[in-house]
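The next block holds one structure in the form of structure tokens; read it before the comments.
FYI, the numbering just counts along the sequence from 1. These numbers come from the heavy atoms of this one structure, side chains and all, not from hydrogens, waters or symmetry mates.
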Amino acid sequence: CGLVDYHEGARLKHGDPRAWEHHVTIGAMMVLAWRSWVACRWPIVLVGVPSMIADAGAYWLAFNLLEGGMPEGWREISLIWLSVPVRCIAFVSITYAAVSHAQGQTRGARDVLRFPWRRVPAALAAGFIVQTASYWPLPLLDWTDAIGAGLFLDYAILTINVLTFDVLFFVLLPVLLTEKQS
């Protein structure tokens with residue numbers, strides 16, 4: 001964010017690959033990660049941490065309530081769907097702070113909940129879609145009788161599916177928050 005280089009007399013912005021030729025080091029990435037964390041510290045501390053505590057509490061309560069009523073795979077997908085609304089506000093708040101920081105705006109503790117609320121339903125719908133697409137194999141996998149190669153195959157299918165969808169959609173929330181189009 002904000003890396004600008006002068007290459008052969010022309011000013012390059014951070015999106016131009018030539019601007020990154022001499023700047024990509026582990027130290028530069030660590031500094032960038034630290035600055036990003038500092039820029040997002042208030043949403044992380046004031047919204048992210050409490051929502052993760054609420055998510056863990058809701059998971060614990062719902063896990064005990066759903067324990068005997070449904071198969072294990074369906075219980076897990078139900079718990080994932082339960083976590084999406086709890087996490088949505090934290091995701092939106094932290095992502096909006098990161099996008100604002102990338103655009104050169106500073107946000108303080110008072111600005112934690114000042115983000116485009118009209119985008120929350122779209123982020124919530126996208127969260128349900130992405131989580132369902134990521135974890136759809138859960139109810140189909142054999143968790144009780146699988147041993148050895150069968151268990152390995154089940155976990156391999158789930159891991160490949162989750163990684164595929166997470167990689168494909170990791171920029172979805174920032175795009176939903178910054179694009180002006182519906």
Side-chain angles (χ1 to χ4, degrees), residues 1-59 79-135 159-182:
C1 296
L3 288 178
V4 177
D5 194 5
Y6 293 91
H7 189 277
E8 298 174 8
R11 184 169 185 201
L12 304 176
K13 295 193 177 198
H14 66 279
D16 190 329
R18 294 175 296 171
W20 287 87
E21 288 175 357
H22 304 288
H23 296 290
V24 178
T25 63
I26 295 208
M29 291 298 113
M30 296 291 284
V31 168
L32 186 60
W34 173 252
R35 288 180 184 165
S36 297
W37 187 89
V38 169
C40 299
R41 70 187 178 277
W42 294 116
I44 290 170
V45 170
L46 298 177
V47 179
V49 171
S51 72
M52 292 304 117
I53 292 170
D55 184 35
Y59 186 91
L79 293 170
I80 289 168
W81 288 334
L82 175 68
S83 71
V84 170
V86 176
R87 294 177 183 182
C88 183
I89 299 297
F91 289 160
V92 170
S93 177
I94 294 167
T95 303
Y96 188 69
V99 169
S100 297
H101 174 70
Q103 294 173 344
Q105 302 168 1
T106 56
R107 305 191 70 76
R110 296 179 195 195
D111 301 322
V112 167
L113 294 177
R114 291 185 188 151
F115 55 83
W117 283 89
R118 67 187 186 286
R119 304 284 183 153
V120 171
L124 188 60
F128 277 116
I129 292 168
V130 169
Q131 290 300 311
T132 302
S134 296
Y135 291 99
T159 302
I160 289 168
N161 195 63
V162 170
L163 288 175
T164 300
F165 279 98
D166 284 350
V167 168
L168 288 174
F169 293 109
F170 81 101
V171 294
L172 182 63
L173 188 56
V175 168
L176 285 173
L177 290 173
T178 57
E179 290 296 319
K180 303 293 185 233
Q181 301 296 323
S182 63

Give the C-alpha distance, both sets of side-chain angles, the deciding distance and a yes or no for side-chain contact (heavy atoms from CB on, under 4.5 Å) between I80 and F128. CA-CA 9 Å; I80 289 168; F128 277 116; over 6 Å; no
Contact summary for [X] and [Y], nearest pair of heavy atoms:
{"X": "V45", "Y": "P50", "answer": "O-CD, 3.3 Å"}
{"X": "W117", "Y": "L113", "answer": "NE1-O, 2.9 Å"}
{"X": "P85", "Y": "L124", "answer": "CA-CD1, 3.6 Å"}
{"X": "P43", "Y": "A97", "answer": "CG-CB, 3.5 Å"}
{"X": "T132", "Y": "W81", "answer": "OG1-NE1, 2.8 Å"}

Just do the side-chain contact (heavy atoms from CB on, under 4.5 Å) check on F115 and I94 with the steps written out, would you? CA-CA 10 Å; F115 55 83; I94 294 167; over 6 Å; no
Polar side chain donor-acceptor pair, W42 to S93, under 3.5 angstrom: no
Could you tell me whether W34 atom CH2 has more than 12 heavy atoms of other residues or ligands within 6.0 Å of it? no
Sub-4.5 Å side-chain heavy-atom contact between Y96 and P116: yes
Nearest-0.5 Å distance, CG of residue L82 to CD of residue Q131: 12.0 Å
